[in-house]
Amino acid sequence: MLRLIDPVTFEVLKHRLWAITEEGAATLRNVSGSPTVSQSNDCNVAILNAAGEGVMIGATLPTHALSCIHTAKYVLKEYKENPGINPDDMFLSNDPYISTPHQTCVVMVAPIFSDDQELIAWAGAGIHVADVGGPVPGQVAVGAQSIYQEATPMPPVKMVERGSIRKDIEQDYLIRSRTRGQNALDMRAKIASNNTIKRRVLEMVQRYGKDVVTGVMDRIVNLAEARLRGVLRELPDGVWSHTSYLDYNDRGKTTFYTCHITMTKKGENLIFNFDGSSPQAPAVINCTYVALESSLMVVMLALFGYAIPLCPEAVLRVIETKAEPGTVVNCSWPAGASKGTTSMSQTIRHAATICLSKMFAASAEHHHRLLAVCQGQMAAAELGGRDQRGEPFGGVFIDTALAGGYGARSFKDGIDTGGMIGGAEVSIPNVETNEFRYPILYLLRRQQIDSGGPGQFRGGAGLSIMVTPHDVERIPDLALHSHGLEIPTAFGLYGGYPGSANQSVIKRDTKIEELFKAGAIPQELNQLEGKIEITPGVISSYLNRGDIYYCLGCGGGGYGDPLERDPELVLKDIQNGIVSREWARRTYGVVVSEKNGAVNLNATGVRRQAISRERQKSATLPIPFHQPVAARPAGKRIESPGRKKP
């Protein structure tokens, strides 16, 4: 049947499907209204074929769309007979062992039937919500020691039956949450998005016929797979590895967890092997297989996006993932995963980015496609309580993560506050919108000096924010959850330095209102009175009136030796507030004249020679490679993710 579709019709319908995902995403944003969705685009949509395979996804966060794929496949496998899959049904889930990376990502999928009652496709939509219950407000169950101490997962349930919301199931879903009103609206946004996608797909079927539309979907996947395999054949065969570490503070103790990847490329196939990764943590930071696969997919779609569309199934047909169950990258029940999208999943992305970039670097033709690590670990805060209107509220603040520094390339600096890898349309919310929505006031939000990784081409600068409660006496629930506080995580490549570490600080009793009355808005913490609290990575806290929360998100990794950077580019960075004079001298060896503000070429040459001599004196022989301490026996590939019963 595929050969009966002429090229013009194929291109028209392919672009029509892309436009449908855009319309579905717009519907999702407009109905939800949450700043997390409407402005940050922490959401996504998907068009799947009848088998639940991802044909086309939106340009926001791929993880939400991939969760739709896992959910649809599970429903097809487990629910065909009971409770059944019928026209106008929709299934909702937030189960990290089946559907989503963690519990506060909630997805809904809808089967699409033709007029003759044949299942021809699926629509899907996913949103990150503020709260789905559990002992701690927000997404991170601080201190949890198993999934039983986190928000209770909801395996796929038939939330919409033949076009009507199941009120009993909806109440069971909403009663868990502290933000029921917003969760109810977000659920209806997913319903509206799925209905939009379903309606547009059926309009295509009515005009072009069922076989043509399903044939176009099949061809999109087949062509994307062929393109990806073709690119891989152009790249050299080899084995590349990388080890990343995740710092996790649990009940006052910081532990470092290992993510070790060995990537093997042979012909037109890629194998990601995670042998050597740490055993699973009790809770919070683990990745389920769903999150592991999603993390790899994000990197693959980003680094090969020049060659293939946003077609997940094409990637799944090409890559093979090996990860032993019971490890931090592929945990087993009852390990918790409430921070599944912003913990080990980020570490997996960093390691995969490095391995793929090393492969690109081994090819003269594709060398320019390598990318240092973008953003590093995410620094996040969640606020909850009663807002300035006396209403309950909950909000996720990941400005510094959504506008992290982008990694450098082999020919170009990383984008300053460029955002997340794989989230082309993800952005930070408007400051005024957040201030209207939540009881806070921003004192600053800016690109942070000296945060990008130095290199011949530097990493993009990160973002810093400083906020204080406003129009309330107290914000009782403040969950801070960050990694990369102990060690930098935005790795550089081939001599490039990593981006900065993250920082998370609270300053108490600052008397900020007295400064406001005097007409002053402080731009540095040291301009304020009060007591500094340097917070650990994961902690539950609070903010009283007059307290300040400061957060710095790391910049991207650099590429190449900083001593080889053009001094005039360093000077430009100084003038733009991206690099300080001190950092220019220390890392780039660039000396700027105090008199005229120009580069002193003679002093720069002397300084760079001095740095080279210092390097030679401190140089040591490479440490022989050893298997990581947490090495485990080789595991088996997990073909079908699902909950492991205790």
Side-chain angles (χ1 to χ4, degrees), residues 34-37 39-40 42-43 61 94 100-106 127-144 149-151 176-183 186 248-250 283-285 336-343 345-346 377-387 391-403 428-429 433-435 437-440 442 445 463 465-470 472 474-483 485 502-506 533 535-544 547-553:
S34 165
T36 304
V37 178
Q39 296 200 33
S40 295
D42 194 347
C43 59
L61 284 180
N94 72 337
T100 62
H102 66 166
Q103 293 94 313
T104 44
C105 285
V106 186
I127 285 175
H128 178 93
V129 302
D131 184 271
V132 288
V136 177
Q139 64 177 298
V140 178
V142 179
Q149 296 174 329
E150 297 183 345
R176 308 162 184 241
S177 174
R178 299 166 180 83
T179 55
R180 299 180 194 178
Q182 186 60 57
N183 285 17
D186 284 344
Y248 172 47
N249 184 278
D250 181 22
V284 181
I285 65 167
S338 60
K339 194 170 160 53
T341 58
T342 57
S343 54
S345 56
Q346 296 290 323
Q377 287 291 344
M378 299 174 68
E382 297 184 57
L383 279 64
R386 294 276 175 177
D387 65 17
E391 299 294 329
F393 83 97
V396 183
F397 291 81
I398 48 176
D399 300 25
T400 61
L402 298 181
I428 51 178
T433 300
N434 272 355
E435 290 177 334
R437 182 85 180 225
Y438 307 114
I440 61 167
Y442 280 80
R445 187 169 75 176
L463 189 78
I465 64 170
M466 198 155 69
V467 300
T468 188
H470 189 60
V472 293
R474 181 180 175 91
I475 297 176
D477 299 321
L478 172 65
L480 302 178
H481 47 101
S482 303
H483 303 293
L485 301 172
N502 292 321
Q503 293 181 21
S504 181
V505 172
I506 297 174
E533 290 182 10
T535 62
V538 179
I539 187 174
S540 290
S541 189
Y542 63 91
L543 289 176
N544 287 331
D547 292 346
I548 304 291
Y549 168 61
Y550 170 82
C551 181
L552 183 154

Output yes when a side-chain donor or acceptor of [X] lies under 3.5 Å from a complementary backbone atom of [Y], and no otherwise.
| X | Y | result |
| --- | --- | --- |
| Asn502 | Gln377 | yes |
| Glu382 | Gln139 | yes |
| Glu150 | Val284 | yes |
| Ser177 | Asp131 | yes |
| Thr341 | Pro101 | no |
| Ser541 | Leu478 | no |

Which heavy atom of [X] sits nearest a heavy atom of [Y], and at what distance?
| X | Y | answer |
| --- | --- | --- |
| Ala381 | Leu480 | CB-CD2, 3.6 Å |
| Leu543 | Pro469 | CB-CG, 3.6 Å |
| Pro35 | Thr433 | CG-CG2, 4.2 Å |
| Ala379 | Ser482 | CA-OG, 3.2 Å |
| Ser345 | Gly340 | OG-O, 2.7 Å |
| Ala401 | Met378 | CB-CE, 3.3 Å |

Considering only heavy atoms from C-beta outward, does the side chain of [X] approach that of [Y] to under 4.5 Å?
| X | Y | answer |
| --- | --- | --- |
| Tyr438 | Leu383 | no |
| Ser40 | Pro429 | yes |
| Val129 | Thr179 | no |
| Val140 | Val538 | yes |
| Val472 | Arg386 | no |

Measuring from [X]:[atom1] to [Y]:[atom2], what's the distance to the nearest 0.5 Å?
| X | Y | atom1 | atom2 | value |
| --- | --- | --- | --- | --- |
| Asn94 | Ile127 | CG | CD1 | 13.0 Å |
| Tyr550 | Thr535 | OH | OG1 | 12.0 Å |
| Asp399 | Arg445 | CG | CZ | 5.0 Å |
| Ile285 | Asn249 | CD1 | CG | 11.0 Å |
| Asp42 | Leu402 | CG | CG | 7.0 Å |
| Ile398 | Ile428 | CD1 | CD1 | 11.0 Å |

Compute the centroid of each ring, for Phe397 and then for Tyr549, and state whether the two points are separated by less than 6.0 Å.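 They do not qualify: ring centres at least 6.0 Å apart.
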Given Ile440 and Ile475, is the side-chain contact (heavy atoms from CB on, under 4.5 Å) satisfied, shown in steps? CA-CA 9 Å; Ile440 61 167; Ile475 297 176; 4.0 Å; yes
Check against side-chain hydrogen bond (donor to acceptor under 3.5 Å, both in side chains), His470 and Thr468: CA-CA 6 Å; His470 189 60; Thr468 188; over 6 Å; no
Less than 6.0 angstrom from the centroid, inside 45 degrees of the normal: does Arg437 satisfy that with respect to the ring of Phe393?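 Negative - Arg437 is either too far from the ring of Phe393 or too far off its axis.
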Show your working on side-chain hydrogen bond (donor to acceptor under 3.5 Å, both in side chains) between His483 and Gln346 and close with a plain yes or no. CA-CA 10 Å; His483 303 293; Gln346 296 290 323; over 6 Å; no
